[in-house]
Engineer: 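Let me give you the structure first, and then I'll get to my questions.
The model shown is predicted, which means the values in this text are computed figures rather than measured ones.
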Amino acid sequence: MTTEAATDWDLRLFWGKTTELPERFHPAIYHLYDVGHVARSLLGRRGSARFTRTLGAALGSDAAMLQDWLPFWVALHDIGKLSGAFQRKAPEHMTRLADLGVPFGTDPGKLGHHTLVGSIWLKGFWPRMAAGDARWQKVVRTAIEGHHGRFPAAGELNGASQRLLSEPAIWQQLRLQGLQALETAFGMASRMPALTIENLTAGAALLTGFTVLCDWIGSDAI
């Protein structure tokens with residue numbers, strides 16, 4: 001699926017969930033794995049057969065095959081957390097990463113919510129992915145943008161797209177590295193079927209709702 005190698009950073013350095021103790025955090029890449037594996041479980045025998053049939057019909061895919069390829073896309077929901085805009089939200093972790101040589105640039109961190117960053121980055125990277133047509137891209141990006149319960153206006157996306165141009169290149173490389181890690185974990189490229197999405201609104205709404213559910217379960221503390 002991918003066509004170039006990323007800088008070899010340890011993705012476990014970059015936080016996704018914080019705790020009351022600054023030195024303890026849950027890496028963003030682990031959170032992506034968590035949520036992807038929740039999706040895989042819910043799309044199997046432990047999940048609702050009725051919902052799986054409905055989701056499969058909306059996406060134009062055999063419901064029995066969803067478990068093979070859809071978890072990758074659900075896991076991708078928070079790829080935007082691998083960004084300077086998100087990582088600077090925890091000052092102690094921004095300092096830790098800066099001390100390791102990670103550049104944050106001069107931008108004040110107002111690139112937008114990590115959901116916007118993830119959607120915009122995926123749009124730019126899409127031509128290098130063997131990942132379906134423009135309709136599927138729209139469904140996936142809508143789920144990424146809206147899985148926190150709010151969909152951005154066009155102006156927000158356009159503004160964030162322009163500001164993202166000032167982001168140091170390392171963050172683009174980190175997101176690529178994260179995407180490659182998810183591909184290795186979930187095998188998307190070899191399992192992606194041809195989809196026939198007749199109703200974009202229904203497909204996007206169902207994938208967003210499923211992503212919200214998986215994210216909620218995958219974010220639970222044990």
Engineer: Quick one: closest heavy-atom pair of Cys214 and Val38, and the distance?
Structural biologist: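 It is CA-CG1, 3.8 Å.
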Engineer: Can you tell if the side chain of Leu59 reaches within under 4.5 Å of the side chain of Trp136, non-hydrogen atoms only?
Structural biologist: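 Yes - at least one pair of side-chain heavy atoms lies under 4.5 Å apart.
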Engineer: Indicate yes or no: at least one non-hydrogen side-chain atom of Phe72 is less than 4.5 angstrom from one of Leu179.
Structural biologist: yes
Engineer: Holding to side-chain contact (heavy atoms from CB on, under 4.5 Å), I want the full list of residues that pass it with Glu198, two or more places apart in sequence or in another chain.
Structural biologist: Thr196
Engineer: Kindly compute the distance separating OG1 (Thr201) from CG (Leu206), expressed to the nearest 0.5 Å.
Structural biologist: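 So the gap between those two atoms works out to 11.0 Å.
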Engineer: Minimum heavy-atom separation for Ser83 and Val117, please, with both atom names.
Structural biologist: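 Looking at all heavy atoms of both residues, the closest pair is CB-CG1, 3.9 Å.
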Engineer: Could I get the full list of side-chain contact (heavy atoms from CB on, under 4.5 Å) partners for Thr142, not counting sequence neighbours?
Structural biologist: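 In terms of side-chain contact (heavy atoms from CB on, under 4.5 Å), with neighbours along the sequence ignored, Thr142 is linked to Lys138, Phe151, Ala204, Thr208.
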Engineer: Could you list the residues that satisfy side-chain contact (heavy atoms from CB on, under 4.5 Å) with Val102, not counting sequence neighbours?
Structural biologist: Trp9, Phe14, Leu97, Phe104, Trp171
Engineer: Quick one: CD on Glu92 to OG1 on Thr18, what's the gap to the nearest 0.5 Å?
Structural biologist: 7.0 Å
Engineer: Please name the residue in the list Lys89, Lys81, His26 that meets the side chain to side chain contact (heavy atoms under 4.5 Å, CB included) test with Trp15.
Structural biologist: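 Result: among Lys89, Lys81, His26, Lys89 is the only option passing the side chain to side chain contact (heavy atoms under 4.5 Å, CB included) with Trp15.
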Engineer: What residues form a ring pair (Phe, Tyr, Trp, His ring centres under 6.0 Å) with Trp121, not counting sequence neighbours?
Structural biologist: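 Applying ring pair (Phe, Tyr, Trp, His ring centres under 6.0 Å) to Trp121 gives Phe125.
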Engineer: With heavy-atom distances below 4.5 Å as the criterion, would you say the side chains of Leu43 and Leu70 are in contact?
Structural biologist: yes
Engineer: Which pairs with one or both residues in residues 35-67 pass ring-ring contact (aromatic ring centres under 6.0 Å, His included), sequence neighbours excluded?
Structural biologist: His37-Phe186, Phe51-Phe210
Engineer: Of all the heavy-atom pairs spanning Ala143 and Thr211, show the shortest one and how long it is.
Structural biologist: CB-OG1, 4.2 Å
Engineer: Do Pro27 and Leu11 have side chains that get closer than 4.5 Å, going by heavy atoms?
Structural biologist: no
Engineer: What is the minimum heavy-atom distance between Gly203 and Ala58, and which atoms define it?
Structural biologist: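 So the minimum-distance heavy-atom pair works out to CA-CB, 4.1 Å.
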Engineer: Whether the side chain of His31 engages the backbone of Ile29 through a donor-acceptor N/O pair (distance < 3.5 Å, no angle test) should be reported.
Structural biologist: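 Not a single qualifying donor-acceptor pair exists.
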Engineer: State the OG1-CG distance between Thr95 and Leu100, to the nearest 0.5 angstrom.
Structural biologist: 11.0 Å
Engineer: Should the ring pair Trp73 and Trp126 be called parallel, tilted or perpendicular, given that the plane angle runs from 0 to 90° and is split at 30 and 60?
Structural biologist: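 Ring orientation of Trp73 relative to Trp126: tilted.
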Engineer: According to side-chain contact (heavy atoms from CB on, under 4.5 Å), who are the partners of Lys123, at least two apart in sequence or on a separate chain?
Structural biologist: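 Counting only residues at least two positions away or on another chain, Lys123 forms a side-chain contact (heavy atoms from CB on, under 4.5 Å) with Gln137, Arg141.
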Engineer: Any chance you could measure Ser219, atom OG, to Asp78, atom CG, to the nearest 0.5 Å?
Structural biologist: 7.5 Å
Engineer: Specify the closest pair of heavy atoms between Leu82 and Ala28, including all atoms of both residues, with the distance to one decimal.
Structural biologist: CD2-CB, 4.3 Å
Engineer: Please report the shortest heavy-atom distance between Pro71 and Gly36, naming the atom on each side.
Structural biologist: CB-O, 3.4 Å
Engineer: Got a sec, which pairs hit side-chain hydrogen bond (donor to acceptor under 3.5 Å, both in side chains) with one end in residues 63-72, sequence neighbours left out?
Structural biologist: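 Those involving residues 63-72 are Ser61-Trp69.
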Engineer: Please list, chain by chain and in numerical order, all residues satisfying salt bridge (charged side-chain N to carboxylate O under 4.0 Å, His left out) with Asp99, sequence neighbours excluded.
Structural biologist: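 Counting only residues at least two positions away or on another chain, Asp99 forms no salt bridge (charged side-chain N to carboxylate O under 4.0 Å, His left out).
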Engineer: Consider side chain to side chain contact (heavy atoms under 4.5 Å, CB included). Of Leu200, Ile144, Leu195, which one does Val139 pass it with?
Structural biologist: Leu200
Engineer: Does anything in residues 30-50 pair up under salt bridge (Lys or Arg N to Asp or Glu O under 4.0 Å), and if so which pairs, sequence neighbours excluded?
Structural biologist: none
Engineer: Quick one: which residue pairs count as a salt bridge (Lys or Arg N to Asp or Glu O under 4.0 Å) with a foot in residues 170-182, not counting sequence neighbours?
Structural biologist: Glu167-Arg175
Engineer: Give a yes or no on whether the backbone of Ile197 and the side-chain of Arg135 come within a donor-acceptor separation of less than 3.5 Å.
Structural biologist: yes
Engineer: Between CG of Leu42 and CD1 of Ile217, what distance do you get to the nearest 0.5 Å?
Structural biologist: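 Here the rounded value is 5.0 Å.
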Engineer: Are Leu66 and Val212 connected into the same hydrophobic cluster when the rule is that any two of I, L, V, M, F, W, Y join if their side-chain heavy atoms are below 4.5 Å apart?
Structural biologist: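 Looking at the clustering, Leu66 is in a separate group from Val212.
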Engineer: Distance from Leu76 atom CG to Ser119 atom OG, nearest 0.5 Å?
Structural biologist: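 Here the rounded value is 10.5 Å.
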Engineer: Using the test ring pair (Phe, Tyr, Trp, His ring centres under 6.0 Å), find all partners of Tyr33 that sit at least two apart in sequence or belong to another chain.
Structural biologist: none
Engineer: Taking salt bridge (charged side-chain N to carboxylate O under 4.0 Å, His left out) as the definition, give me every residue that meets it alongside Arg12, ordered by chain and number, with sequence neighbours left out.
Structural biologist: Asp10
